[in-house]
Amino acid sequence: MTRTASIEGQSIGERRLDGAKKSMVRVVAPAIAALLVVGLAACGNSEKPAAAGGSGGAADLGTLKVLQVTPNDVSAVALAATFKLNMWEGTGLKVETVLGQPSTEAAALTRGDMDLSTRGASSQLANMAKGVPAKLMGAVRLPTSMYLVSSTKSGINDPEDLRKGGINFGISSFGSSSDEVVKAVVTHYALSQDQYKVTALGDIKGILAAFKRGDIDAFAWSAGDAFAMEGEGLGKVLGNAEQWQQPSVSVAYAVSDKAIKERPEALKKFFEVYYSAVEKLRADPKIALDIYVNDWKYPQAVGEKAVKDELPTLSTDGQIPAENLKNLGATVSESFEIKDLDATKYWDYWKNLE
């Protein structure tokens, strides 16, 4: 079984699971040049950063910049709600959101270009273990809300059909949440390395494009895109990935050490407002539905499904239980070949900020 990475259809390298590694051609661009600034305001994404907030009599806490890798799924809906509901007004804090590729996160946090980032926790922890000066400070969601989707062309109509093998799974990047789902699935169904293939496609846009072309047979992503493919008659949702995975951390906020040291009050205010938004969405799911349908342009039925299934997976306080943190560390240790990884060294709960 080979693991192939490609961006916009162009192969950039290959890694074999049997231990043999082929040389990889890497194209490295300046981190910020690769970032696309977007806003999650009430009107949806814009070309300008969302810089909401104001003092309103409160102490001026400045501006925090948040890097987002997947802006239009459940992991982003509460942050989107903070803008939609004008929750930064009167806090003294301004917040800007920036959309970037997974490959930009490490450099952005290291250089201090970004204060926080949100993406798959396994990739974040791996970066930290490799030297990125940052800490996990708050869970976005613990249980995965990812769904495994098979192509209608693949002949896979039931999870048990996966046992047959011959499957090309599409993922965003190696070590990502989508990759972890694939690993759990192939382990559960005892697929040998020659029974499946994994292709990294950069992001959800690349995954969906490959899926529609028939280049991949299956992928795992959040409800919005998963059920959209089923609604279009292109895919079959095989189930929530939680049935194949151990308790862990799906998505989290990583915060640069620089921001932790220099901006503790601003960070604490950020998390207070963010988790307050989660509570508001839980109390009134129609707000989240409005974001899915009117801002992110998902079909009504898909938005309703996403809100019903995914809102309950959002953490309301950001705490990560010891078991989940341990499992996350074990997963990252195996996936990225990092020995003796102690995940607790990279966990600093936001409520402990002083």
Side-chain angles (χ1 to χ4, degrees), residues 61-69 75-76 78-79 82 91-93 95-98 100 102 104-143 175-177 180 247-279 313-333 335-336 338-354:
L61 297 175
T63 301
L64 287 177
K65 294 183 178 181
V66 183
L67 176 65
Q68 290 186 297
V69 174
S75 63
L79 187 56
T82 65
T91 65
L93 178 65
V95 175
E96 294 183 5
T97 58
V98 178
T104 66
E105 180 192 43
L109 289 174
T110 300
R111 291 164 40 156
D113 298 320
M114 295 290 115
D115 301 300
L116 305 91
S117 73
T118 175
R119 64 177 296 205
S122 57
S123 296
Q124 291 175 321
L125 181 58
N127 283 339
M128 294 171 197
K130 293 177 181 179
V132 173
K135 299 288 189 299
L136 297 175
M137 296 206 78
V140 174
R141 69 177 195 254
L142 296 177
S176 65
S177 297
E180 296 307 326
S248 185
V249 187
S250 181
V251 180
Y253 274 105
V255 182
S256 72
D257 286 350
K258 183 175 185 293
I260 294 172
K261 180 180 180 180
E262 300 177 1
R263 309 286 303 283
E265 292 183 10
L267 289 171
K268 199 159 191 176
K269 179 59 66 176
F270 172 85
F271 285 114
E272 287 173 353
V273 173
Y274 172 80
Y275 290 111
S276 176
V278 175
E279 295 281 11
T313 72
L314 293 179
S315 173
T316 57
D317 60 8
Q319 183 64 274
I320 299 177
E323 180 187 8
N324 296 61
L325 195 60
K326 180 180 179 180
N327 289 337
L328 174 64
T331 297
V332 172
S333 180
S335 298
F336 294 89
I338 301 173
K339 294 183 179 180
D340 303 320
L341 175 58
D342 181 2
T344 62
K345 293 181 179 179
Y346 307 99
W347 166 239
D348 190 0
Y349 190 31
W350 70 270
K351 287 188 176 183
N352 296 328
L353 284 166
E354 297 181 356

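All figures in this text were calculated on a predicted structure; none of them were measured in a lab.
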Can you tell me if Asn352 has over 12 outside heavy atoms packed within less than 6.0 Å of its CG?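 Atom CG in Asn352 is crowded, with more than 12 foreign heavy atoms closer than 6.0 Å.
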Return yes when atom NZ of Lys261 has more than 12 non-hydrogen atoms of other residues, nucleotides or ligands closer than 6.0 Å, and no otherwise.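 At most 12 heavy atoms, drawn from other residues, nucleotides or ligands, come within 6.0 Å of this atom.
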Scan Tyr349, Trp347, Phe270 and name whichever one has a ring pair (Phe, Tyr, Trp, His ring centres under 6.0 Å) with Tyr253.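 Answer after filtering Tyr349, Trp347, Phe270: Phe270.
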Could you report the tightest heavy-atom contact between [X] and [Y], atom names first, then the distance?
X      : Y      : answer
Pro247 : Glu323 : CG-OE2, 4.1 Å
Val249 : Ala121 : O-CB, 3.5 Å
Thr118 : Gln68  : CG2-CG, 3.7 Å
Ala254 : Met128 : CB-CE, 3.5 Å
Ser75  : Val251 : CB-CG1, 3.9 Å
Ala259 : Leu267 : O-CD1, 3.5 Å

Give, for atom [atom1] of [X] and atom [atom2] of [Y], the distance between the pair rounded to the nearest 0.5 Å.
X      : Y      : atom1 : atom2 : result
Gln319 : Lys351 : CD    : NZ    : 8.0 Å
Ser256 : Leu67  : OG    : CG    : 11.5 Å
Ser122 : Asn327 : OG    : CG    : 12.5 Å
Leu116 : Ile260 : CG    : CD1   : 9.0 Å
Leu61  : Thr91  : CG    : OG1   : 6.5 Å
Glu279 : Asp317 : CD    : CG    : 8.5 Å

So, applying side-chain contact (heavy atoms from CB on, under 4.5 Å) with Tyr346, which one of Leu325, Leu341, Val332 is it?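 Passing option: Leu341.
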Tell me if a side-chain donor or acceptor on Glu180 pairs with a main-chain N or O of Ser335 at a distance below 3.5 Å.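 Answer holds: no.
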Verify, without hydrogens or angle tests, whether Thr313 (side chain) and Arg141 (backbone) share a donor-acceptor contact under 3.5 angstrom.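 No, because the side chain of Thr313 does not come within donor-acceptor range (under 3.5 Å) of the backbone of Arg141.
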Residues Lys268, Glu265: salt bridge by 4.0 Å N-O rule: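 Result for this pair is no, no salt bridge flagged.
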In chain order, what residues pass the side chain to side chain contact (heavy atoms under 4.5 Å, CB included) check against Ala106, with sequence neighbours excluded?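 By the side chain to side chain contact (heavy atoms under 4.5 Å, CB included) rule, Ala106 matches Asn127, Val132.
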Do [X] and [Y] have side-chain heavy atoms sitting under 4.5 Å apart?
X      : Y      : value
Val255 : Lys135 : no
Leu136 : Asp348 : no
Leu109 : Pro133 : no
Pro321 : Leu142 : yes
Lys130 : Ile338 : yes

Under the salt bridge (Lys or Arg N to Asp or Glu O under 4.0 Å) criterion, do Lys269 and Glu272 qualify, and how do the steps go? CA-CA 5 Å; Lys269 179 59 66 176; Glu272 287 173 353; 3.5 Å; yes
Examine the side chains of Thr63 and Glu96 and answer whether a donor and an acceptor come within less than 3.5 Å of each other.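 No, no side-chain donor-acceptor contact under 3.5 Å.
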